[in-house]
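Read through the structure below, which is laid out as structure tokens, and then see the notes.
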Amino acid sequence: MRRGWCILPALALAGCANQGTIVPGGIVSNNPCIDAVLAEIALPGQVTAVSSYSHDPESASAPLSWSMQYPAIGASAEELLLARPKLVLIGNLASSGANAVLARAGIKTVAIGVAPTIAEDITQIRTLAKAVGRVEAGEKLVAQIKNALPKPAKVQPPVSAVIWQNGGFVAGKGTLQDELLQRHGFRNASADYGLASWGILPMETLIRNPPTVIFMPTSAHGEDARALTARQRLLRHLDGKARIVDFPDQLLFCGGPTIVKVSAILSKTRASLNARASGGGQ
């Protein structure tokens with residue numbers, strides 16, 4: 001799976017591409033978050049290769065039904081050159097050496113990093129949309145994101161919460177996920193555990209001082225499934241002190257259209273907590 005790929009530079013260079021014929025002269029993306037945006041805004045046939053992560057159901061942020069239409073590619077300069085693209089959309093964790101090789105070969109690149117705020121994420125969407133000639137489609141996606149965010153409402157005390165990924169990764173202050181929690185009336189409890197922007201929260205620490213809500217995956221496969229079973233068994237000791245809300249790992253990786261999905265989960269959870277507090281049910 002892609003656990004923590006966005007904060008571990010080594011993973012940005014890992015993985016071999018799935019075999020497939022890449023049509024030359026097209027748009028190539030080797031970043032799964034970029035793929036998720038392209039799935040929403042690109043025309044059929046514009047994209048000629050996607051990130052190898054986007055062919056893996058455990059790590060894809062773009063719909064598999066879209067990404068599997070295209071060959072997968074890695075981040076090495078050799079693979080990108082062999083694809084003979086007119087444009088490479090690349091994450092900012094890719095090798096600077098690979099970028100230099102592409103520049104010498106006259107291949108245009110657009111680098112998109114991990115946006116720490118909603119505003120910056122929207123700017124990145126507009127940059128991608130302009131790069132692929134799909135400005136209007138980009139604005140439609142931006143509108144969907146803005147509409148998914150809650151409107152300013154009566155100020156209520158924030159509810160403590162963490163987004164706890166498989167492996168214990170937690171998104172802390174200064175991340176897109178932190179802003180989304182705040183926008184939906186939650187207080188990111190990561191700082192309570194001494195974590196910075198990204199960190200690992202041990203289960204023992206969480207159990208000793210649980211937040212009101214723990215957003216975490218409730219299903220997994222392979223080795224992750226065994227770890228998740230052990231985690232769930234221990235979390236039963238919380239005895240209702242914290243609410244567990246299903247939050248698939250893929251929702252922690254990217255912005256773009258993922259913001260819409262995350263907002264739906266956060267909005268539903270906050271509404272349920274408000275209803276419960278007012279005596280309106282669970």
Side-chain angles (χ1 to χ4, degrees), residues 2 5-6 11-95 98-99 101-103 105-115 121-145 250-251 253-261:
R2 188 177 47 170
W5 76 268
C6 55
L11 291 185
L13 306 177
C16 297
N18 290 11
Q19 296 300 312
T21 302
I22 300 175
V23 178
I27 296 170
V28 166
S29 164
N30 68 355
N31 180 281
C33 293
I34 293 174
D35 292 342
V37 174
L38 292 176
E40 299 293 326
I41 70 172
L43 289 171
Q46 266 195 305
V47 177
T48 53
V50 298
S51 165
S52 55
Y53 289 114
S54 293
H55 276 206
D56 183 350
E58 291 296 306
S59 62
S61 291
L64 282 174
S65 59
W66 178 85
S67 59
M68 294 301 292
Q69 298 177 61
Y70 308 102
I73 196 167
S76 72
E78 291 80 6
E79 288 179 88
L80 295 170
L81 287 173
L82 286 172
R84 291 185 289 163
K86 69 175 181 181
L87 173 65
V88 175
L89 303 174
I90 198 164
N92 69 344
L93 295 181
S95 165
N99 289 348
V101 170
L102 293 174
I107 297 174
K108 181 180 178 181
T109 62
V110 173
I112 298 294
V114 179
D121 190 80
I122 287 174
T123 296
Q124 289 183 356
I125 291 171
R126 287 174 168 152
T127 297
L128 288 172
K130 183 178 180 181
V132 302
R134 296 286 292 161
V135 172
E136 185 176 345
E139 289 306 313
K140 288 182 179 179
L141 176 56
V142 167
Q144 290 175 22
I145 291 170
Q250 290 93 330
L251 298 185
F253 303 141
C254 303
T258 302
I259 292 176
V260 178
K261 299 175 184 177

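A quick note: this is a predicted structure, and the numbers were derived from the prediction, not measured.
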Problem set entry | From L38 atom CG to S29 atom OG, the distance as rounded to the nearest 0.5 Å | 5.5 Å
Seminar exercise, completed: With I27 as partner, the option from T48, V110, L89 fulfilling side chain to side chain contact (heavy atoms under 4.5 Å, CB included) is L89
For this session: Check whether any side-chain N or O of D121 sits under 3.5 Å from a backbone N or O of A115 as a donor-acceptor pair, and report yes or no.
Result: no
Exercise. Of all heavy-atom pairs between V47 and A42, which one has the smallest distance, and what is that distance?
Worked result: CG2-CB, 3.9 Å
For this session: Check step by step if side chain to side chain contact (heavy atoms under 4.5 Å, CB included) holds for L87 and V28.
Result: CA-CA 6 Å; L87 173 65; V28 166; over 6 Å; no
Exercise. Rounded to the nearest 0.5 Å, how far does NZ of K261 lie from CD of Q250?
Worked result: 8.5 Å
For this session: Mind listing the closest non-hydrogen atom pair of P32 and C254 along with its distance?
Result: C-SG, 4.4 Å
Exercise. Within the side chain of H55, is there an N or O that forms a donor-acceptor pair under 3.5 Å with the backbone of A60?
Worked result: no
For this session: Measure across I22 and P71 and return the closest heavy-atom pair with its distance rounded to 0.1 Å.
Result: CG1-CB, 3.7 Å
Exercise. Please walk me through it: do L81 and L102 pass side chain to side chain contact (heavy atoms under 4.5 Å, CB included)?
Worked result: CA-CA 7 Å; L81 287 173; L102 293 174; 4.0 Å; yes
For this session: State whether the side chain of Q46 and the backbone N or O of V132 hold a donor-acceptor pair below 3.5 Å, judged by distance alone.
Result: yes
For this session: Look up atom CD in E139 and atom CD1 in I125, then write down how far apart they are to the nearest 0.5 Å.
Result: 9.5 Å
Problem set entry | Closest approach of N31 to S51 (non-hydrogen atoms, all atoms of both residues) | N-CB, 3.5 Å
Problem set entry | Backbone of Y53 reached by a side-chain donor or acceptor of S59 within 3.5 Å | yes
For this session: Output the distance between atom CG (L251) and atom OG1 (T258), rounded to the nearest 0.5 Å.
Result: 6.5 Å
Exercise. Closest heavy-atom contact between G138 and A129?
Worked result: CA-CB, 3.8 Å
Exercise. How long is the span from the NZ atom in K140 to the CD1 atom in I41, to the nearest 0.5 Å?
Worked result: 12.0 Å
For this session: Without swapping roles, check the side chain of S54 against the backbone of D35 for a donor-acceptor pair under 3.5 Å.
Result: no
Exercise. What are the two closest heavy atoms between L80 and P85, and how far apart are they?
Worked result: O-CD, 3.3 Å
